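Since the structure is predicted, the reported quantities are computational estimates derived from the model, not experimental observations.
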Amino acid sequence: MPVYEYICRACSRSFDDLVFDSAAPPCPTCQATDVERVLSVFAVGRGQGPAPAPAAGPCGSCGDPRGPGACGLS
């Protein structure tokens, strides 16, 4: 059951709701049923550990994508 975000066209309040069917919920402030589902913005958090190591760049001598020293020319 997805959570959708809505904006009430009558009072301009934004709210979210857990949707069980395709019917849009009424506004919790003014009870109007003229609501618009809007694109939800979400955030992805990182754990508390250190940042991941950056990927190796191409070899400076030949451009081998495996990184420096992979081809034996470095």
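Under the rule for a salt bridge (Lys or Arg N to Asp or Glu O under 4.0 Å), the partners of Arg9 that lie at least two apart in sequence or sit in another chain are Asp34, Glu36. Annotation: side chain to side chain donor-acceptor pair (under 3.5 Å) contacts of Ser14 (sequence neighbours excluded): none. With sequence neighbours excluded, no residue satisfies ring-ring contact (aromatic ring centres under 6.0 Å, His included) with Tyr4. Checked against salt bridge (Lys or Arg N to Asp or Glu O under 4.0 Å), Asp16 has no partners two or more places apart in sequence or in another chain.
You'll find the side chain of Ile7 stays beyond 4.5 Å of the side chain of Phe15, heavy atoms only.
Residue pairs meeting the salt bridge (Lys or Arg N to Asp or Glu O under 4.0 Å) criterion with at least one member in residues 19-29: none, sequence neighbours excluded. Contacts classified as side chain to side chain donor-acceptor pair (under 3.5 Å) and involving residues 24-33 (residues at least two apart or in different chains) are given here: Arg13-Thr29.
Contact between Ala24 and Val35 at its shortest, heavy atoms only, is CB-CG2, 3.7 Å. A pairwise comparison of heavy atoms in Val38 and Tyr6 identifies CG2-N, 4.2 Å as the closest pair.
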